[in-house]
Engineer: 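I have a structure I would like to understand better, so I am pasting it below and will then ask my questions one at a time.
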2 protein chains.
Amino acid sequence: MKKRLNRIRLIDIAEKTHLSVNTISKVLNGREKEAGIAVETAKRVRKMADELGYIPDQMARCLRAKNTDTIGVYIDKITDHVRAETLHAILQELSNRGLFPLIMLAEAGYEKCCEAFIRNRIEGLILCGTMQAMNADFFNRLYENKIKTVITGCFFHDRNLNNVFREVSFVNVDNERGVELQIRHLHEQGRSRIAFLSGPTHDSDMHIRKKTYMDLIKTVHEPVVGQIDKDTSYLEHGYWSMDMLLAGRQEIDAVIAFDDKVALGAIRCLHDKGRNVPGDVAVIGFDNSPEDDYTLPRLSSISLPTQEIGTKSVELLLDRLENKTKPKTIYVLPSLVARESTQPSAGKPQKGNPPD
Amino acid sequence: MKKRLNRIRLIDIAEKTHLSVNTISKVLNGREKEAGIAVETAKRVRKMADELGYIPDQMARCLRAKNTDTIGVYIDKITDHVRAETLHAILQELSNRGLFPLIMLAEAGYEKCCEAFIRNRIEGLILCGTMQAMNADFFNRLYENKIKTVITGCFFHDRNLNNVFREVSFVNVDNERGVELQIRHLHEQGRSRIAFLSGPTHDSDMHIRKKTYMDLIKTVHEPVVGQIDKDTSYLEHGYWSMDMLLAGRQEIDAVIAFDDKVALGAIRCLHDKGRNVPGDVAVIGFDNSPEDDYTLPRLSSISLPTQEIGTKSVELLLDRLENKTKPKTIYVLPSLVARESTQPSAGKPQKGNPPD
DNA sequence: GTGAAAGCGCTAACAC
DNA sequence: GTGTTAGCGCTTTCAC
């Protein structure tokens with residue numbers, strides 16, 4: 001049971017170079033200029049540090065200094081591809097900037113996550129994706145502990161939280177723009193009676209997309225919304241709300257689904273009822289999931305700029321940490337990915353082509 | 001610029017309770033019994049800590065103690081669903097055990113990752129999924145720094161690395177079992193001439209699966225292997241090696257693809273050449289990707305127990321950290337997911353059913 | 001140009 | 001039963 005770890009420390013370099021720990025510290029932190037250290041000395045120090053393979057002890061450094069170079073990431077299930085891609089981009093960006101991530105899964109409960117974050121003295125937090133268990137206490141604790149936060153892909157319509165968002169920036173997907181793209185695309189494909197299929201009501205994006213649909217569509221015709229109240233999977237939501245729509249009297253030739261899973265549920269329902277997609281009804285989803293390329297028919301969708309979301313959230317957070325800007329909200333633009341499910345008249349699934 | 005953070009420290013509790021920092025420390029670390037501290041005192045301390053909302057400073061604790069409670073995770077692109085699921089399970093398990101993850105993306109380069117790990121004094125490392133840039137230096141540095149390691153889903157046939165695996169445990173997927181399941185399933189479905197489609201040669205799992213296929217199939221017929229040499233995507237590998245097979249003279253009625261992506265490429269090729277799947281040729285993949293449920297036809301596959309992989313790797317690592325066991329290798333069993341692509345005679349895509 | 005000394009918050013050894 | 005003291009490895013302040 002030896003007490004000291006076998007690591008190289010500043011003092012080891014100091015002894016070898018016959019200098020003081022202090023000098024070594026200054027050089028290795030690039031503060032040689034302002035400390036007025038001889039160029040030759042600095043060189044010697046660096047050389048020795050290199051030779052010995054010195055790696056500073058983050059714990060010791062953090063204890064003394066105020067910064068920990070650690071950024072918390074609070075995230076829901078990472079198996080969702082949008083979140084996985086966003087997380088990947090965040091990790092890339094943090095790594096590029098020499099920062100360390102501390103990832104906590106929301107399912108562990110916010111108290112536990114909060115404690116882990118504070119205990120490890122994270123300097124900033126990125127909150128990644130919609131979460132249900134979000135409350136004022138959480139944000140207040142972050143604020144009290146001076147943890148600046150960026151929220152990405154997560155909308156709050158709970159206005160009670162507004163006053164706790166003093167130190168929170170947002171990277172939002174421009175949902176309005178997404179729905180606009182969907183409607184315009186369907187019009188261009190010759191569709192004139194477009195319905196909206198909603199998903200579970202706890203999803204905050206859902207409300208925005210539905211509202212946008214209603215606002216935009218009513219210049220053309222009465223909004224037609226398929227919605228069920230059951231608290232069930234997205235797929236089932238799609239299936240049964242589509243079923244409901246078909247049972248109604250309104251004629252429709254296109255459906256905007258809240259997301260891809262809802263769209264897939266809807267397509268199954270349409271098949272079961274003998275409707276052809278896209279022949280009778282065009283269907284478009286949202287999220288551009290990997291499976292969209294393999295569905296029958298291939299599913300048109302809206303793609304989110306996950307790379308940009310990740311990069312921008314780190315950027316925004318660092319601006320705040322360096323006090324460059326006030327907390328702010330930025331929007332990133334989604335884009336259209338047109339596939340078979342919205343083609344004008346392709347009754348049959350497209351034949352396979354050599355992959356690209 | 002105040003120096004002290006506004007956190008509650010041990011000394012604050014000490015002052016309020018008129019006790020020494022030491023006593024507080026002992027109580028809050030649950031060492032009151034062995035230190036012989038009065039039950040009443042302990043209660044008082046805990047109550048005060050609770051009231052003040054005390055959260056220890058991990059940095060200070062780590063500097064003094066030897067353990068950091070931090071486990072490194074070294075992982076390739078997390079957008080792959082198998083890795084995402086495994087990572088999710090790992091994060092769950094670490095969180096359950098009160099450990100903190102430090103995740104580094106392999107793409108950052110092993111030197112950078114290694115430095116981050118050592119700098120943050122991780123106690124153990126989980127290496128998650130196949131990586132190409134793996135070398136002896138990496139493992140030697142881990143060993144030198146007393147970092148115990150678990151490798152999951154990553155096979156090395158480079159025997160030169162064997163001597164650096166002194167402190168490495170393995171959680172492997174039983175690939176042999178997977179291929180066995182595939183072959184048995186195809187036989188049960190009445191297929192008698194089964195080919196194997198390989199993927200990129202840098203993939204270490206590939207070699208094992210191919211070898212297993214060859215060993216098992218030769219009791220029935222000569223192995224038929226489709227393989228191309230181009231260094232290209234898995235999808236293209238599937239397409240062109242299938243193309244190659246079809247151009248050859250051997251009759252086949254089933255294809256085992258190295259993985260799902262290869263399988264999808266193969267299916268496209270079969271369609272293009274006018275072969276019906278599964279009517280003429282059955283196809284089975286490996287990995288059970290989410291899109292398998294939406295392909296045309298739905299793709300039979302082999303599912304990996306990602307949850308178990310995650311849980312077991314943390315378990316194995318902790319056993320090592322507590323010196324309970326020697327480094328070891330364990331195998332987890334994959335399972336068969338039969339879908340349309342291997343059905344005996346279903347010529348048409350199955351009609352949609354209400355989702356389950 | 002460089003060094004000495006203090007101290008970040010905590011735990012471990014030992015004293016009383 | 002509880003307190004005193006030292007020190008983990010580093011940065012910071014100030015002295016020379």
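Chain letters run A, B, ... following the sequence lines, proteins first, then strands; residues in each count from 1. Worth saying up front: this structure is predicted, and the values here are computed from it rather than measured.
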Engineer: Identify all pairs in which a protein N or O lies below 3.5 Å from an N or O of nucleotides 2-6 of chain D, and state each distance.
Structural biologist:
| from | atom 1 | to | atom 2 | distance (Å) |
| --- | --- | --- | --- | --- |
| D/dT2 | OP1 | B/T41 | OG1 | 3.0 |
| D/dT2 | OP2 | B/A38 | N | 3.0 |
| D/dT2 | OP2 | B/T41 | OG1 | 3.0 |
| D/dG3 | OP2 | B/S20 | N | 2.8 |
| D/dG3 | OP2 | B/S20 | OG | 3.3 |
| D/dG3 | OP2 | B/T23 | OG1 | 3.0 |
| D/dG3 | O6 | B/N22 | ND2 | 3.2 |
| D/dG3 | O6 | B/K26 | NZ | 3.0 |
| D/dT4 | O4 | B/N22 | ND2 | 2.0 |

Engineer: Output yes when at least one side-chain N/O atom of A/R31 is less than 4.0 Å from OP1 or OP2 of D/dT12, else no.
Structural biologist: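 Checking D/dT12 against A/R31, a side-chain N or O does come within under 4.0 Å of OP1 or OP2.
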Engineer: Applying side chain to side chain contact (heavy atoms under 4.5 Å, CB included), name anything that partners A/K112, two or more places apart in sequence or on another chain.
Structural biologist: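 With neighbours one apart ignored, the set is A/A108, B/S95.
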Engineer: Quick one: is A/Y54 getting a side-chain N or O under 4.0 Å of the D/dG9 phosphate, OP1 or OP2?
Structural biologist: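 Answer is no, no contact under 4.0 Å.
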Engineer: Just jot down the salt bridge (charged side-chain N to carboxylate O under 4.0 Å, His left out) partners of B/R97, sequence neighbours excluded, or say none.
Structural biologist: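 Scan of B/R97 (salt bridge (charged side-chain N to carboxylate O under 4.0 Å, His left out), adjacent residues dropped) gives B/E93.
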Engineer: Starting from P on C/dC10, measure out to CG on A/D57 and report it in whole angstrom.
Structural biologist: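 So the two atoms are 17 Å apart, to the nearest Å.
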Engineer: With sequence neighbours excluded, tell me which residues meet side chain to side chain contact (heavy atoms under 4.5 Å, CB included) with B/Q58.
Structural biologist: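 Per chain and number, B/Q58 pairs via side chain to side chain contact (heavy atoms under 4.5 Å, CB included) with A/R119, A/N120, B/R61, B/C62, B/D69, B/F100.
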Engineer: Going by the salt bridge (Lys or Arg N to Asp or Glu O under 4.0 Å) test, which pairs reach into residues 314-325 of chain A, not counting sequence neighbours?
Structural biologist: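 Listed once each, the pairs are A/E167-A/R320, A/D319-A/K324, A/E322-A/K324.
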Engineer: Atom CG of B/L10 and atom C1' of C/dC8: how far apart are they, to the nearest Å?
Structural biologist: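 Distance, rounded to whole Å: 13 Å.
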Engineer: Only counting residues at least two apart or in another chain, list the ones meeting side chain to side chain contact (heavy atoms under 4.5 Å, CB included) with A/T17.
Structural biologist: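 So A/T17 forms a side chain to side chain contact (heavy atoms under 4.5 Å, CB included) with A/I13, A/L19, A/I24, A/R44, A/M48.
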Engineer: Apply ring-ring contact (aromatic ring centres under 6.0 Å, His included) to the pair A/Y143 and A/F138, showing each step before the final yes or no.
Structural biologist: CA-CA 9 Å; A/Y143 185 75; A/F138 181 73; over 10 Å; no
Engineer: May I have the distance from B/N29 (atom CG) to C/dC10 (atom C1'), rounded to whole angstrom?
Structural biologist: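 Nearest whole value for this atom pair: 9 Å.
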Engineer: What is the distance from CD of B/Q58 to C1' of C/dC10, rounded to the nearest Å?
Structural biologist: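 Computing the B/Q58:CD to C/dC10:C1' distance gives 11 Å.
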Engineer: Round to a whole Å and report the spacing from CD1 of B/I24 to P of D/dG1.
Structural biologist: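 Distance, rounded to whole Å: 17 Å.
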